[in-house]
Amino acid sequence: MSIASNPHLTEFPHIELPGESAAAAFAQFRHHAPLVHCLTNEVVQTFTANVLLALGASPAMVVEPQEAAQFSSLADALLINIGTLHAQRAQSMLAAIESANQHQKPWVLDPVAVGGLSYRTEFARQLLALKPSVIRGNASEILALSGMEAGGRGVDSTDDSAAALPAAQALALQTGAVVAVTGATDYVTDGQRVYGVTGGDALMTRVVGTGCALSAVVAAFSVRQTDLLLAVATACQAMSLAGERAVAVSHGPGSFVPAFIDALYHLTPQDFIRSGDRS
C-alpha cells in the first residue's frame, strides 16, 4: 500500500502563517546569514546563488564527492536537487548527505521530475531513507514520491497543490520531514499542522529556477530555527512577497528577474507582519 493511501490519515485544515512569528523567523535567518551547500540543478545554479545572496545567505556549490562530503560538515545546511542527475552527481549527493547527517546539519530534498523517469524516482526514494529535514516539490512530484499516481510534464506539475496535500501529510508522517508542496497556494506540513501560504504570481512560472531557488531558500531558513515548520513556511512567504513586488514593476519574464532579486534584497521583518495583517 502506498503511504498516501493510508486510511487512517486525517486531512487537517490549514492555518494562515502568523505575521509576528514569520517576522521573527525571518529576523533569525538574517541574523545567522547561513552558508548553504547547494548540490542543485546545473540549469539554475547562478539564479539560485543570486537569490540566496540577495536574501542575506551565502551559497556554495561543491560537487567533487570527496570535497562535497568535507564541505557539508562546514556548511550550515545542504540542498539536494536532482534536476540534472547523473551517476557522479548522485555519488556526490550521497557523500554530502552522509556528512550532513553525521554533523547534524539540516538538508532539503527537491525531487525534481520524480515520477516521470525511473532512475531519478528510484534515487529519490532511496534518499528518503536518509532522513531529509525538509522535502520541497510541486504537486506532481510530491504525489509521485508518496506513491500516488501523478501527472507532470518534465519539471512542470499538472496537479494542484491542494490535491497533493494528503500525500504531503502522509510523506511527512512517514519520513519525519517537513513537506512543502508548492503551487498557486503553498502548503507546508509536518503531517498534522498545515500552513497555507498564498501570494506570488503566475509570471514566476515563466522564469527558469524559481522553484529550485525556493528549495535553496528553504534550506537556508532551516538553520537553527526552533520551529522548522514555521521556518519553511516563512521561506515560502519570502519568495511569494518578492514575487508580488517584482511583478508589480516588471513587464514580463525578462524584467521580472532583476526586479525579483531586488525585492528579495529589500525584504524586512515588517513585511511579514503586514502580510499577516492583510490575510
Can you tell me how far the [atom1] atom of [X] sits from the [atom2] atom of [Y], to the nearest 0.5 Å?
X: Gln45; Y: Asn81; atom1: CD; atom2: CG; value: 9.5 Å
X: Ile97; Y: Leu109; atom1: CD1; atom2: CG; value: 7.5 Å
X: Tyr195; Y: Leu229; atom1: OH; atom2: CG; value: 5.5 Å
X: Asn41; Y: Asp110; atom1: CG; atom2: CG; value: 8.5 Å
X: Thr175; Y: Leu128; atom1: OG1; atom2: CG; value: 6.5 Å
X: Leu17; Y: Thr198; atom1: CG; atom2: OG1; value: 9.5 Å

Tell me if a side-chain donor or acceptor on [X] pairs with a main-chain N or O of [Y] at a distance below 3.5 Å.
X: Glu98; Y: Ala95; result: no
X: Ser146; Y: Leu143; result: yes
X: Ser72; Y: Ala68; result: yes
X: Asn101; Y: Leu130; result: yes
X: Ser92; Y: Gln88; result: yes
X: Glu141; Y: Gly115; result: no
X: Lys131; Y: Gly176; result: no
X: Ser99; Y: Ala96; result: no
X: Thr210; Y: Met204; result: yes
X: Ser222; Y: Pro106; result: no

Membership question, hydrophobic clusters at under 4.5 Å side-chain separation (ILVMFWY): are [Y] and [X] in the same one?
X: Val232; Y: Val223; value: no
X: Val62; Y: Ile82; value: no
X: Leu35; Y: Leu53; value: no
X: Tyr119; Y: Ile80; value: yes

If you compare all heavy atoms of [X] against all heavy atoms of [Y], which two are closest, and at what distance to 0.1 Å?
X: Asp186; Y: Ser240; result: OD2-OG, 4.1 Å
X: Arg136; Y: Ser215; result: NE-OG, 2.9 Å
X: Ala263; Y: Ala242; result: CB-O, 3.6 Å

Indicate every side-chain donor-acceptor pair of residues 254-261 with a distance under 3.5 Å to a residue at least two apart or in another chain.
residue: Ser255; atom: OG; partner: His251; partner atom: N; Å: 2.7
residue: Ser255; atom: OG; partner: Gly252; partner atom: N; Å: 3.4
residue: Ser255; atom: OG; partner: Gly252; partner atom: O; Å: 3.4

Problem - salt bridge (Lys or Arg N to Asp or Glu O under 4.0 Å): pairs with one or both residues in residues 59-71, sequence neighbours excluded - result: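 Sorted pair list comes back empty.
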Completion exercise
So salt bridge (Lys or Arg N to Asp or Glu O under 4.0 Å) across residues 198-210, not counting sequence neighbours, yields none
Handout entry: Salt bridge Glu42-Arg89, side-chain N to carboxylate O under 4.0 Å
Key = yes
Handout entry: Test ring-ring contact (aromatic ring centres under 6.0 Å, His included) applied to Phe47 - qualifying residues, sequence neighbours left out
Key = none
Suppose we screen for salt bridge (charged side-chain N to carboxylate O under 4.0 Å, His left out). Which residues come up paired with [X], at least two apart in sequence or across chains?
X: Asp262; value: none
X: Asp190; value: Arg193
X: Arg224; value: Asp76
X: Arg120; value: none

Going by the ring pair (Phe, Tyr, Trp, His ring centres under 6.0 Å) test, which pairs reach into [range], not counting sequence neighbours?
range: residues 93-115; answer: none
range: residues 69-98; answer: His37-Phe71
range: residues 202-233; answer: Phe29-Phe221

Handout entry: Linked hydrophobic residues, Val43 as query - side chain contacts closer than 4.5 Å
Key = Val44, Val208
Practice task
Could you walk me through whether Leu55 and Leu267 pass the side-chain contact (heavy atoms from CB on, under 4.5 Å) test, one step at a time?
Solution key: CA-CA 8 Å; Leu55 277 168; Leu267 282 176; 4.1 Å; yes
Practice task
Could you check if a side-chain atom of Gln169 sits within less than 4.5 angstrom of a side-chain atom of Val179, using non-hydrogen atoms only?
Solution key: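 The answer is no, as the side chains (C-beta and beyond) never meet within the 4.5 Å cut-off.
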Exercise for the section: For Ser161 and Asn138, run side-chain contact (heavy atoms from CB on, under 4.5 Å): C-alpha distance rounded to whole Å, both residues' side-chain angles, the deciding distance at 0.1 Å, then the answer. Expected result: CA-CA 7 Å; Ser161 56; Asn138 65 35; over 6 Å; no
